[in-house]
Protein chains: 2
Amino acid sequence: MSEVPALATFQPLYQQIKTLLMQSLESGEWKPGEMIPAETELALRFKVSQGTVRKAIDELSAENLLIRRQGKGTFVASHQEPRSAFRFLRLTDDHGAAIVYQSQFLECRRLRAPADVAKWLELKTGDAAIMIRRLLLIGGSPVVLDEIWLPGTLFRGLTAEKLADYKGPMYGLFESEYGTRMIRADERIKAVAADEEAARWLKVNPGTPLLSVERVSFTYQDKPVEVRKGRYLTTQWHYHNELG
Amino acid sequence: MSEVPALATFQPLYQQIKTLLMQSLESGEWKPGEMIPAETELALRFKVSQGTVRKAIDELSAENLLIRRQGKGTFVASHQEPRSAFRFLRLTDDHGAAIVYQSQFLECRRLRAPADVAKWLELKTGDAAIMIRRLLLIGGSPVVLDEIWLPGTLFRGLTAEKLADYKGPMYGLFESEYGTRMIRADERIKAVAADEEAARWLKVNPGTPLLSVERVSFTYQDKPVEVRKGRYLTTQWHYHNELG
DNA sequence: TAGTGGTCTAGACCACATA
DNA sequence: ATGTGGTCTAGACCACTAG
C-alpha cells in the first residue's frame with residue numbers, strides 16, 4: 001500500500017489564522033491604535049477554538065504588531081503611542097539620563113532614486129523618490145544627521161511643511177497619513193570619519209569619528225519602504241543593543 | 001465581610017515551573033547539550049498538566065536557554081553548538097560572504113580589577129580579575145581587537161595556553177571548563193579614533209575611525225560575569241542589527 | 001513501533017479594567 | 001456586574017525521529 005506523503009504545504013491552523021489576521025491589519029480593517037475583536041469573537045468568526053486564536057495573537061504580539069492589555073482588549077500597535085514611538089531609535093545617554101528629541105527638517109525633495117536606493121527599495125533607478133534630510137537634537141545639541149529615502153508612489157504630497165507641523169514621531173505620520181506602517185528594520189553600523197557636511201551640521205571637526213547607521217525598513221509582506229542613512233555623534237551618547 | 005486582598009506576590013504556575021527549571025539548569029542537573037526530561041515526565045514531577053510545563057519551556061526556549069527539537073526532545077542550549085556558537089558576534093561581511101573567524105590570543109593575565117571593570121562586574125576595585133587580549137582575524141586580516149575582563153574567582157587557572165588550545169568559541173570553553181554560561185549581554189556602541197595600539201594590531205593608521213563595542217555579559221540571575229571592550233574595523237564588514 | 005514535541009479542543013476559573 | 005485577556009486542565013490526535 002502506498003502512503004499519502006506528508007505534504008510540504010502543511011500549516012498549523014493557528015498559522016493560517018495568523019495570516020488572516022495580518023491581512024485584516026494590512027487592509028486597514030483594524031487601524032493602528034484601534035481594538036480588534038475579542039478572542040472569543042474571532043474564534044467564532046474563524047470557527048476554531050479560542051486557544052487557537054490565542055496562539056496566533058500571541059505571535060503577532062511578540063512581533064509587535066498587536067498589543068495585549070489585560071482586562072481591556074487587544075490593540076493594533078501604533079508608532080504614535082509612547083510605548084513604541086521611538087522603538088527603532090537605539091540612542092541612549094551614556095549616563096542613563098532621559099532623552100528628549102527635537103527634529104529639525106533641513107530638506108524634503110522629490111527626486112529620482114539613485115541606484116543604491118532603488119536597489120534597496122526594489123525600485124528602478126530613476127523612479128520617483130522622496131528625500132528628506134533632518135537633524136535630531138538633544139537638549140539643543142545636534143546629535144543625528146539623517147538622509148531618508150521613501151518610494152515616491154507611497155508618499156505623494158509629503159512636504160517639509162507637513163513634516164515640521166506634525167506632532168510626534170515621523171513613523172506616526174507615515175502610518176496615519178500615508179497608510180504605511182513600519183514593522184521591522186535592518187541596520188548596518190560602521191565607524192566613519194565626518195565629511196564636511198556632517199561636520200557642519202553636527203558642529204564637529206571634519207574627520208571626527210561618527211557612527212554610520214544605514215537602515216532599511218519594511219512594512220507588511222517584508223516590503224522595503226524606507227532607506228535611511230544616519231550619522232550619529234557618539235561622544236555623549238551611544239547606540240545600545242541587547243543580545244539574547 | 002472582608003475580602004482577601006489580591007496579593008502582589010501572585011505568580012502563575014508556569015512561571016513557578018520556569019523558575020524551577022532554571023534552578024535545575026543553573027545547578028547543572030542538566031548540562032549544556034544534554035536532553036532534559038520529556039514534558040510529560042516533568043508534568044508528573046511537578047504535578048501540573050503538560051500544557052503548563054509546555055508554556056514554561058516555551059519561554060525558556062524563546063530566551064535561548066533551551067532548544068526544542070521535534071521528535072527528539074528538549075535540550076540545554078550550548079555555545080559549542082554551531083547554532084549558537086557566534087550568537088553574540090554581530091559582525092557581517094558587507095557583501096554577505098560567509099565569515100570564518102580565527103582567534104589570536106595576545107595576552108592573558110591575572111590582575112587587579114580597575115575601577116570601571118569592578119563596577120560592571122560587581123566586584124571591589126582591586127579584586128582579582130583575568131584580562132585577556134585577543135585579535136579576531138577574517139581570512140588572515142585582523143578585524144577585531146578585544147580586551148576581555150573576567151572575575152578571577154570564577155575562572156581560576158585560565159591561561160593563554162588553554163585559550164589557544166581550545167577548539168571552538170571561547171564561550172564554549174567558559175561553559176564546559178568553568179561552568180559559567182553566558183546568557184545575554186548588553187552592548188554600547190560608539191565611533192572612536194584608533195589609538196596607537198589598536199592601529200598597530202589592526203594594521204591601520206592611528207586616527208582611523210573604529211567601532212567601539214563595550215559588552216557586559218550576564219549568566220543566570222542576571223549576574224554580570226564578563227566585560228569586553230572591542231575595537232572593530234568596519235571598512236569591509238559591519239555590525240548588523242535587526243529591529244523588531 | 002515507540003517516544004518526543006506540536007497542535008487543537010472545550011471548558012472552568014482567575015485577574016484586571018471599567019461602568 | 002460585565003467583558004476582556006490570562007491561566008490551567010485533560011485528553012485526543014498529528015508530525016517528526018529513530019531503532
Side-chain angles (χ1 to χ4, degrees), chain A residues 1-21 25 30 33-77 81 83, chain B residues 1-21 25 30 33-77 81 83:
Chain A
M1 301 255 297
S2 70
E3 301 266 335
V4 175
L7 295 177
T9 54
F10 167 78
Q11 242 203 339
L13 245 187
Y14 75 86
Q15 286 286 1
Q16 301 174 37
I17 304 299
K18 186 179 165 186
T19 300
L20 292 172
L21 291 174
L25 288 172
W30 310 310
E34 288 180 6
M35 179 177 160
I36 72 170
E39 295 178 352
T40 49
E41 192 179 328
L42 290 170
L44 278 175
R45 178 198 296 197
F46 297 130
K47 298 204 171 63
V48 297
S49 76
Q50 183 191 347
T52 300
V53 170
R54 199 171 166 71
K55 181 139 186 177
I57 293 180
D58 276 346
E59 293 207 350
L60 292 171
S61 175
E63 292 167 21
N64 292 308
L65 294 182
L66 295 176
I67 298 177
R68 319 187 79 134
R69 294 196 227 270
Q70 184 173 164
K72 293 195 190 174
T74 299
F75 299 79
V76 182
E81 295 167 50
R83 295 182 54 151
Chain B
M1 299 258 296
S2 70
E3 299 269 334
V4 175
L7 295 178
T9 54
F10 167 78
Q11 241 203 338
L13 244 189
Y14 74 86
Q15 286 286 1
Q16 301 173 37
I17 304 298
K18 186 179 164 188
T19 300
L20 292 173
L21 292 174
L25 289 172
W30 310 311
E34 288 180 5
M35 179 178 161
I36 71 170
E39 295 179 352
T40 49
E41 192 180 327
L42 290 171
L44 278 176
R45 179 198 296 198
F46 297 129
K47 298 205 171 64
V48 298
S49 77
Q50 183 189 348
T52 300
V53 170
R54 203 175 163 67
K55 180 138 187 180
I57 293 180
D58 276 346
E59 294 207 349
L60 292 171
S61 175
E63 292 166 21
N64 294 307
L65 294 183
L66 296 176
I67 298 177
R68 321 186 78 133
R69 293 196 229 272
Q70 183 173 164
K72 293 197 193 173
T74 300
F75 299 78
V76 182
E81 294 166 52
R83 296 182 55 151

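Values below: every heavy atom of this structure, side chains too, minus hydrogens, waters and symmetry copies. Naming convention: chains lettered A, B, ... in sequence-line order (proteins, then strands); numbering from 1 in each chain.
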By the 4.0 Å heavy-atom rule, please label B/T40 as base, sugar-phosphate, or nothing.
nothing
Please tell me if A/K55 has a side-chain N or O lying less than 4.0 Å from either OP1 or OP2 of C/dT7.
yes
Does any part of the side chain of B/R69, heavy atoms only, come nearer than 4.5 Å to the side chain of B/M35, both counted from C-beta?
no
Are any protein N/O atoms closer than 3.5 Å to N/O atoms in nucleotides 10-13 of chain C? If there are, list each pair with its distance.
none

Once you apply a heavy-atom cut-off of 4.0 Å, does A/R69 come out as touching a base, just sugar-phosphate, or nothing?
sugar-phosphate
Between B/Q16 and B/Q11, is there a donor-acceptor pair closer than 3.5 Å when you use the side chain of the first and the backbone of the second?
yes
Are there over 12 heavy-atom neighbours, none belonging to B/R45, within less than 6.0 Å of that residue's CZ?
yes
Just the rounded figure in Å: distance from P of C/dT4 to CD1 of B/I36.
12 Å
Please report, rounded to the nearest Å, how far the P atom of C/dC14 is from the CZ atom of A/R54.
17 Å
Quick note, A/L13 side chain, CB onward, closest among C/dG5, C/dT9, D/dT9 is C/dT9
Please report the distance, rounded to the nearest Å, between CG in B/D58 and P in C/dC8.
14 Å
Does a side-chain N or O from A/R68 land closer than 4.0 Å to OP1 or OP2 of D/dG6, or not?
yes
Between C/dC8 (P) and A/F10 (CZ): distance, integer Å
6 Å
Which one, D/dT7, C/dC8, C/dG6, comes nearest to the side chain of A/Y14?
C/dC8
Expressed as a whole number of angstroms, how long is the span from B/Q15:CD to C/dC14:P?
19 Å
Heavy atoms, side chains only, cut-off 4.5 Å: are B/L60 and B/T74 in contact?
no
Would you say B/T52 reaches D/dT9's phosphate, i.e. side-chain N/O to OP1/OP2 under 4.0 Å?
yes
In terms of side-chain heavy atoms of A/K72, which of C/dA17, C/dT7, D/dG5 is nearest?
C/dA17
When you compare the side chain of A/F75 with that of A/E81, does any pair of heavy atoms fall below 4.5 Å?
no
Is B/L21 close to B/L65 at the side-chain level, that is, under 4.5 Å between some pair of heavy atoms?
no
For a quick check of understanding: with a heavy-atom distance under 4.0 Å over all strands, which category does A/Q70 fall into, base, sugar-phosphate or nothing?
base
Non-hydrogen side-chain atoms of A/L42 and A/I17 separated by less than 4.5 Å
no
Tell which nucleotide pairs with C/dC14, taking only Watson-Crick or G-U wobble pairs whose two distances are both under 3.5 angstrom.
D/dG5
